[in-house]
Amino acid sequence: MRKTRLAWALALAFPVPLLAQTPTPAETDPVEAPVKSLGVVTVHSGQPTSLPTQIPATIEGVTREQIEETVNATDSPDALKYFPSLLVRKRYIGDYNHAVLSSRASGTGNSARSAVYADGILLSNYLGNGAGYTPRWGLVTPEEIERVDVMYGPYSAAYPGNSVGAVVDYVTRMPQAFEGTAGASVFRNNFKLYGTDASYGGQQASASLGSRSGDWSWWVNLNHTDSTGQPLVFATKLVSDTTATAGTPVTGAVRAPNTTNADAWVLGTNTQYRTIQDHAKIKLAYDISPTLRASYTLGLWTNDAEGNPQTYLRDAAGNPVYTGTVQLNGQNYNIGNASFNATRERLQHVMHGLSLKSHTKEEWDWELAASLYDYARDELRRTTVTSAASFSGGAGTLADQSGTGWMTVLARGTWRPQGVQGAHIVDFGVQQDIYRLRILTSSIAGNWLSDAPGTVNSDVGGETRTQALYAQDTWTFAPRWKTVLGARLEHWNANSGTTYNSTSTPTRVDYASRSENYISPKASLAYQWSADKVLKLASGRAVRMPTVSELYGATSNPTLTLINDPNLRPEKSVTTELTLEQDLGHGLLRTTLFHENTRDALYSQLIPGSTTTSRVQNVDEIRTDGIELAYSGSGVFVRRLDLQGSLTYADSRIVSNPALPASVGKYQPRVPVWRATALASYRFDEQQSGSLGVRYSGQQYSQLTNTDVNGDAYTGASAYLVVDLRYRYRLAPRTVAALGVDNLTNRIYWNFHPYPQRTWIADLKHSF
């Protein structure tokens with residue numbers, strides 16, 4: 001993300017005729033030599049990417065070389081660490097189920113409001129929305145990445161309404177000759193919080209091999225991660241929540257205020273994970289002709305995870321206490337049976353991607369593509385009885401999602417009626433996406449760790465299907481003007497919805513199918529103000545359909561009927577941005593004003609009249625206004641110093657919400673008013689480089705009513721300022737070692753769960 005982004009900005013804004021043509025979704029060839037136009041160096045065909053780079057909207061990118069030099073990257077979301085206005089809530093190295101991507105006007109509870117791809121294959125998990133439905137980051141490893149590109153906002157008709165926040169595409173490597181890499185890393189996190197004072201960490205190993213021979217090319221990548229994270233969940237009890245029953249005197253609890261500043265006891269930890277993950281990917285490509293390529297990708301990801309608790313409480317004999325009535329500081333408290341629990345999770349997910357693509361660069365180009373993501377095995381075992389003995393046996397439950405998954409099929413084309421240098425370039429396509437969810441939860445009466453499932457407790461699931469037709473025309477209508485006009489027509493269907501719960505009334509509900517149609521227009525305009533300035537305006541409507549889980553995935557508790565809402569309305573957002581990009585001589589400065597208005601936003605909130613039960617409901621209106629500044633420069637002040645940074649202000653407010661009037665006028669959850677990044681890298685010589693990164697986020701809230709005023713507590717969302725360092729040394733022409741530290745100042749900060757504290761990372765990589 002250096003000064004060459006000015007060339008990108010001009011080339012992307014004005015590919016025809018002032019500047020050379022950049023790739024459309026059907027054009028993903030390697031970079032060619034730069035050419036001159038109007039005194040500005042421009043890129044002739046751009047970096048390989050599936051993003052529609054002709055859209056004059058904000059697009060940011062980072063290359064493999066920049067990631068290796070500046071980022072302590074242990075998994076693929078780390079590549080996004082210093083992008084403007086983006087945050088991945090990665091709680092520890094290897095976080096596989098809560099690493100939600102947030103953007104300018106979308107918080108870390110809204111995973112379905114961004115789109116993440118790898119080589120055009122969907123990694124975003126639109127089976128649900130929230131922490132449990134994060135992108136499948138494990139299907140991309142850092143050593144695979146060639147570059148990462150991000151488009152901010154729903155400005156391309158080629159993407160569904162989930163692109164309202166951002167579209168992220170990981171472009172992975174395909175070799176041009178025989179090559180390979182092998183690497184290893186170790187990491188350590190010293191964690192001290194409440195009654196926990198321990199060290200957590202792990203190791204990682206990776207290898208890749210690939211080659212090209214004639215018309216064939218292939219690539220194989222393997223990765224193994226063994227990571228132990230810090231505690232993420234804590235058992236708590238309000239100091240005021242006492243009982244008259246005399247309890248066993250205990251010690252060890254830690255007294256601390258909660259998010260509303262109420263006095264509370266922290267009794268111990270829950271959900272401290274050890275995760276062992278294995279990743280394997282094979283990519284094959286065959287050039288049927290000089291202008292037609294067939295590609296196939298097979299990805300396999302497995303994960304064995306243990307979640308363990310630890311009580312802080314000890315009785316007079318020093319024995320751990322997990323449940324029952326206890327006495328703390330002279331007061332009696334009842335610790336429920338579910339205060340502590342253990343989990344075991346076994347996952348095996350498989351991804352397939354197949355495409356046939358032409359790249360003639362003439363009047364017509366086209367692509368046929370299909371992908372499948374399959375939960376071949378997905379089992380979560382959990383204790384239901386809490387005691388020291390229960391963690392090695394006893395009653396529990398098994399939640400089985402095997403067979404869940406999604407598939408996509410698309411056909412798209414590019415028509416250049418006047419040729420590649422013509423005034424019009426038309427992109428169009430048809431697409432179908434299918435998402436199928438089933439969660440079968442059963443009781444286990446004997447040994448929750450190993451026994452087969454018994455009585456069915458709940459069975460929920462269903463299917464959503466979206467069929468889309470889109471078209472957009474890139475029209476250079478004057479020497480310094482370009483516009484892109486397009487629309488996406490979507491037919492959405494939800495069917496096979498069912499919810500069974502053994503304790504509800506009625507026990508089973510089968511929901512009727514429903515279908516709806518929506519159209520999302522897109523429009524953008526670019527003006528080349530001068531040789532070093534580009535002005536861009538983009539606006540687009542996005543319709544984010546309800547997910548299967550939001551419609552059917554909720555179950556009741558023993559005292560309530562089913563709390564699903566199969567009639568949820570889709571989110572409808574209109575997003576607009578105005579951008580000025582200018583060359584300052586030493587770098588590129590971008591200033592973007594953005595506005596988003598969302599109707600029928602999907603949020604979990606209390607059912608009207610209840611103080612204990614929530615479900616996903618529509619929030620009538622949320623409005624966001626903001627400004628984003630981004631700078632990137634190479635050779636700033638001194639020849640070997642590169643700088644980049646960003647500053648974002650976002651005023652995101654709930655404008656109307658009749659279901660919860662107390663939330664009106666409050667900030668949207670998990671969208672901070674201020675956030676910033678800075679990254680400086682310096683190359684000492686041909687062998688050594690170092691980088692300093694800074695990440696900042698201001699105050700934010702997790703509750704719609706903003707009543708969680710203390711962000712520095714469990715379930716809070718705190719402000720933070722985090723400093724990262726990385727030093728890289730080339731031991732030999734093909735061997736590189738690096739030492740880094742994330743969160744150098746050992747900041748304690750939260751996003752519901754605590755983030756890692758000071759983490760040391762050392763890695764070694766050899767290429768051949």
- Task: Could you please spell out the steps behind the side-chain hydrogen bond (donor to acceptor under 3.5 Å, both in side chains) verdict for Q277 and T302?
- Result: CA-CA 6 Å; Q277 301 175 18; T302 65; over 6 Å; no
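- A distance-only check finds no donor-acceptor pair linking the side chain of K281 to the backbone of L300 [under 3.5 Å].
- The structure places OH of Y375 at 5.0 Å from CH2 of W406, a figure rounded to the nearest 0.5 Å.
- A salt bridge (Lys or Arg N to Asp or Glu O under 4.0 Å) with R293 holds for exactly one of D287, D215, D365; it is D287.
- The distance between the ring centers of Y117 and Y159 falls below 6.0 angstrom.
- A heavy-atom distance below 4.5 Å is found between the side chains of R89 and F752.
- No donor-acceptor distance shorter than 3.5 angstrom exists from the side chain of Q467 to the backbone of Q431, with no hydrogens or angles considered.
- To the nearest 0.5 angstrom, L209 atom CG is 11.5 Å from I282 atom CD1.
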- Task: Please test E463 against R436 for salt bridge (Lys or Arg N to Asp or Glu O under 4.0 Å), starting from the C-alpha separation and ending with a verdict.
- Result: CA-CA 5 Å; E463 177 183 296; R436 292 174 180 160; 2.7 Å; yes
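- In this structure, CG in L440 is found 10.5 Å from CD in Q401, a value given to the nearest 0.5 Å.
- Between R173 and E179 a salt bridge is recorded (basic side-chain N to carboxylate O distance below 4.0 Å).
- Defined by atom type and a distance below 3.5 Å, a donor-acceptor pair is missing between the side-chain atoms of S604 and R615.
- Under the 3.5 Å distance criterion, with hydrogens and angles disregarded, no donor-acceptor pair is assigned to the side chains of S295 and K283.
- Looking at Y152 and E60, their side chains never bring a donor and an acceptor atom within 3.5 Å of each other.
- For R488 (side chain) and A157 (main-chain N/O), a donor-acceptor pair under 3.5 Å exists by modelled atom type.
- Counting non-hydrogen atoms of neighbouring residues, nucleotides and ligands closer than 6.0 angstrom, the CH2 atom of W415 reaches no more than 12 such neighbours.
- Put simply, CD on Q605 and CG on N618 are 9.0 Å apart, with the number rounded to the nearest 0.5 Å.
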- Message: For a salt bridge (Lys or Arg N to Asp or Glu O under 4.0 Å) check, start with the C-alpha distance between D78 and K90, then their side-chain angles and the critical distance, and finish with the verdict.
- Response: CA-CA 9 Å; D78 281 335; K90 177 183 155 184; 2.8 Å; yes
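- When only modelled atom types and interatomic distance are considered, T547 and N129 share no side-chain donor-acceptor pair under 3.5 Å.
- Y133 and S549 form a side-chain donor-acceptor contact under 3.5 Å, judged by distance and modelled atom types alone.
- Using a distance-only test at 3.5 Å, with no hydrogens or angles considered, a donor-acceptor pair links the side chain of S227 to the main chain of I93.
- Side-chain polar atoms of R670 and N751 form a donor-acceptor pair below 3.5 angstrom.
- Between R104 and E596 no salt bridge is recorded (no basic side-chain N to carboxylate O distance below 4.0 Å).
- Salt-bridge check for E363 with R416: failed, with every basic side-chain N at 4.0 Å or more from each acidic carboxylate O.
- A salt bridge links E550 with R544: the distance from a Lys NZ or Arg NE/NH1/NH2 to an Asp or Glu carboxylate oxygen falls below 4.0 Å.
- For the pair L551 and R514, the minimum side-chain heavy-atom distance is below 4.5 Å.
- Distance alone, capped at 3.5 Å, places no donor-acceptor pair between the T134 side chain and the V100 backbone.
- Across R346, R377, R381, a single residue satisfies salt bridge (Lys or Arg N to Asp or Glu O under 4.0 Å) together with D304, and that is R346.
- For the 3.5 Å distance criterion, the side chains of Q617 and D565 fail to qualify, holding no donor opposite an acceptor.
- For the residue pair D378 / S402, no side-chain donor-acceptor distance below 3.5 Å is found, with atom types taken as modelled.
- Donor-acceptor pairing under 3.5 Å is lacking for the side chains of D459 and T498.
- Put simply, the side chain of H279 gets close to the backbone of G138: a donor and an acceptor are under 3.5 Å apart.
- For the side chain to side chain contact (heavy atoms under 4.5 Å, CB included) with M351, the lone residue among L372, T297, D374 that qualifies is T297.
- Between the side chains of R438 and T404, not a single donor N or O lies within less than 3.5 Å of an accepting N or O.
- The CE atom of M545 sits 11.0 Å away from the CG atom of N493 when rounded to the nearest 0.5 Å.
- S163 places a side-chain N or O within 3.5 Å of a backbone atom of P160 that can act as its donor or acceptor partner.
- At distances below 3.5 Å, at least one donor-acceptor pair connects side-chain atoms of R541 with backbone N or O atoms of I519.
- T172 and D119 form a side-chain donor-acceptor contact under 3.5 Å, judged by distance and modelled atom types alone.
- Of the possible donor and acceptor atoms, one in the side chain of N125 sits under 3.5 Å from a partner among the backbone N and O of L127.
- There is no side-chain donor-acceptor pair under 3.5 Å between T466 and D433.
- Here the side chain of T499 pairs a donor or acceptor atom with the backbone of Y552 at under 3.5 angstrom.
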